[in-house]
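Each chain gets a letter, A, B and so on, in the order the sequences are listed, and its residues count up from 1. Bear in mind that the values here come from a model prediction, so they are computed numbers and not experimental data.
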Amino acid sequence: MSAARAAAIETALAAAYPDATCELDFRSPYELLVATILSAQCTDARVNTVTPSLFERFPDPRALARADQAELEALIRSTGFFRNKAKSLLGMACAVVERHGGEIPASMGNLRNLPGVGRKTANVVLGTAFGMSTGVVVDTHVARLARRLGLSAEEDPEKIERDLMELFPPATWVPLGHRLIRHGRRVCHARKPECDACPLMPTCPRIDV
DNA sequence: ATCCCGAGGG
DNA sequence: CCCTCTGGAT
């Protein structure tokens, strides 16, 4: 894989998806962290239907830390996995209050030590809420596309991320992640990719995954 | 029926 | 490493 081809892919993606942000509604690192935790196995549009009332009721980590679990579960039920997510949100908020004075920490280590926060969520918050290009978001879509596009031959998300970080300049990491995710959702599906409508054709090697 | 923008736990 | 957790969209 050459840097030139990587650059060409980036250019085509940028043209196809000019809006290089996530589709979650948020106004602070706290709100993005909560929305991202809710987004597992769920569309951003659905998350956006529950977050207004959620943030009105629990506007900051301190309020969320004191939330009643049953009330929290009721508010987020439609996003699926609601018991796990309620537990994660509660644990996350308590940890933020106890360990970080109620402020969402802006470092990979501190974020990942919060309950319910894995590498994907931490990367989203760092890149999109704090504007800290520390890595590339690698979720199932990005992993699949990186392999299909020949950007990485790895399986492990961490290794895929390293490959992407070598291939693309740091300033592109955050928008690249959003664009790959969007492309994966809209066009390059896991089962039946819509190659006819793909802005990356005919350059795509279509590596089978 | 089948799939989905993850993370924790055994 | 594999399993589990959930509702909603298609």
Side-chain angles (χ1 to χ4, degrees), chain A residues 13 16-17 19-26 29 31-54 64 69-96 104-105 108-129 134-149 151-152 154-161 164 173-194 197 209:
Chain A
L13 281 173
Y17 310 103
D19 183 19
T21 179
C22 72
E23 298 170 89
L24 296 168
D25 295 335
F26 68 98
E31 291 194 355
L32 182 59
L33 177 52
V34 169
T36 305
I37 288 173
L38 293 179
S39 76
Q41 295 291 49
C42 176
T43 63
D44 284 1
R46 174 132 305 277
V47 172
N48 290 340
T49 65
V50 311
T51 44
S53 48
L54 189 62
L64 186 58
Q69 174 125 5
E71 183 188 359
L72 191 52
E73 288 181 1
L75 282 169
I76 66 174
R77 188 178 320 121
S78 71
T79 68
F81 291 174
F82 62 88
R83 263 174 282 254
N84 299 354
K85 289 174 180 176
K87 211 169 295 177
S88 292
L89 291 178
L90 230 24
M92 176 278 285
C94 290
V96 166
I104 305 300
M108 178 60 79
N110 286 335
L111 279 170
R112 295 237 17 202
N113 282 333
L114 299 174
V117 180
R119 68 177 291 103
K120 187 259 179 180
T121 302
N123 254 150
V124 167
V125 171
L126 283 174
T128 302
T134 57
V136 181
V137 174
V138 178
D139 63 4
T140 53
H141 290 306
V142 177
R144 181 177 71 254
L145 294 214
R147 291 171 51 74
R148 268 191 192 154
L149 291 168
L151 299 171
S152 175
E154 301 288 351
E155 299 276 0
D156 177 16
E158 209 157 327
K159 293 179 181 170
I160 293 174
E161 183 180 6
L164 294 176
W173 291 346
V174 173
L176 177 72
H178 286 128
R179 287 177 170 133
L180 286 173
I181 288 169
R182 220 173 263 222
H183 185 57
R185 285 225 60 191
R186 301 224 215 292
V187 179
C188 197
H189 309 114
R191 301 285 167 154
K192 181 181 159 278
E194 296 169 31
V209 287

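L89(A) places its CG atom 12 Å from the P atom of dA7(B), with the value rounded to the nearest Å. Put simply, CG on D156(A) is 12 Å from C1' on dC1(C), counting in whole angstrom units. What separates NZ of K192(A) from P of dC4(B) is a distance of 14 Å, to the nearest Å. The interatomic distance linking I76(A) (CD1) with dG6(B) (C1') rounds to 14 Å, in whole Å. Between the NE2 atom of H141(A) and the C1' atom of dG6(B) there is a distance of 12 Å, rounded to whole Å. Rounded to an integer number of Å, the gap from CG of L38(A) to C1' of dA7(B) is 13 Å. Between the CG atom of L145(A) and the P atom of dC5(B) there is a distance of 11 Å, rounded to whole Å. The distance from atom CD1 of I37(A) to atom P of dT6(C) is 16 Å, rounded to the nearest whole Å.
Set against dC3(B), dC5(B), dG7(C), the side chain of R191(A) has dC3(B) as its closest nucleotide. Comparing dG6(B), dC5(B), dG7(C) by their closest approach to the side chain of S78(A) singles out dG7(C).
With hydrogens and angles ignored, the 3.5 Å screen pairs no side-chain donor or acceptor of N123(A) with any backbone N or O of T128(A). The main-chain N or O of P105(A) is never found under 3.5 Å from a side-chain atom of N110(A) such that the two would form a donor-acceptor pair. The main-chain N or O of T79(A) is found under 3.5 Å from a side-chain atom of K85(A) such that the two form a donor-acceptor pair. Remark: side-chain polar atoms of R185(A) are not paired, donor with acceptor, to backbone N or O of H141(A) under 3.5 angstrom. Side-chain atoms of R144(A) come within 3.5 Å of backbone N or O of C188(A) as a donor-acceptor pair. A donor-acceptor contact shorter than 3.5 Å links the side chain of T49(A) to the backbone of R46(A).
At a threshold of 4.5 Å between non-hydrogen side-chain atoms, the residues L180(A) and L149(A) count as touching.
Between dC1(C) and dC5(B), the distance separating the two C1' atoms is 23 Å to the nearest Å. If you take atom C1' in dG9(B) and the same atom in dG7(C), they sit 22 Å apart, rounded to whole Å. Taking the P atoms as reference points, dG10(B) lies 15 Å from dT6(C), given to the whole Å.
Proximity of R185(A) to the phosphate of dC4(B): no side-chain N or O atom is located under 4.0 Å from OP1 or OP2. Within the 4.0 Å cut-off from OP1 or OP2 of dA7(B), at least one side-chain nitrogen or oxygen of T121(A) is found.
Atom CG of L89(A) sits about 5.5 Å away from atom CG of L38(A), to the nearest 0.5 Å. Distance check, rounded to the nearest 0.5 Å: CZ of R83(A) to CG of L72(A) gives 13.0 Å.
Within 4.0 Å of R77(A), counting heavy atoms only, lie sugar-phosphate atoms of the nucleic acid but no base atom.
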Distances under 3.5 Å between nitrogen or oxygen atoms of protein and nucleotides 2-5 of chain C:
{"from": "dC5(C)", "atom 1": "O2", "to": "N84(A)", "atom 2": "ND2", "distance (Å)": "2.9"}

Tabulate protein N/O versus nucleotide N/O from nucleotides 8-10 of chain B, keeping only pairs under 3.5 Å, one per line.
{"from": "dG8(B)", "atom 1": "OP1", "to": "G116(A)", "atom 2": "N", "distance (Å)": "2.8"}

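With sequence neighbours left out, E155(A) forms a side-chain contact (heavy atoms from CB on, under 4.5 Å) with R147(A).
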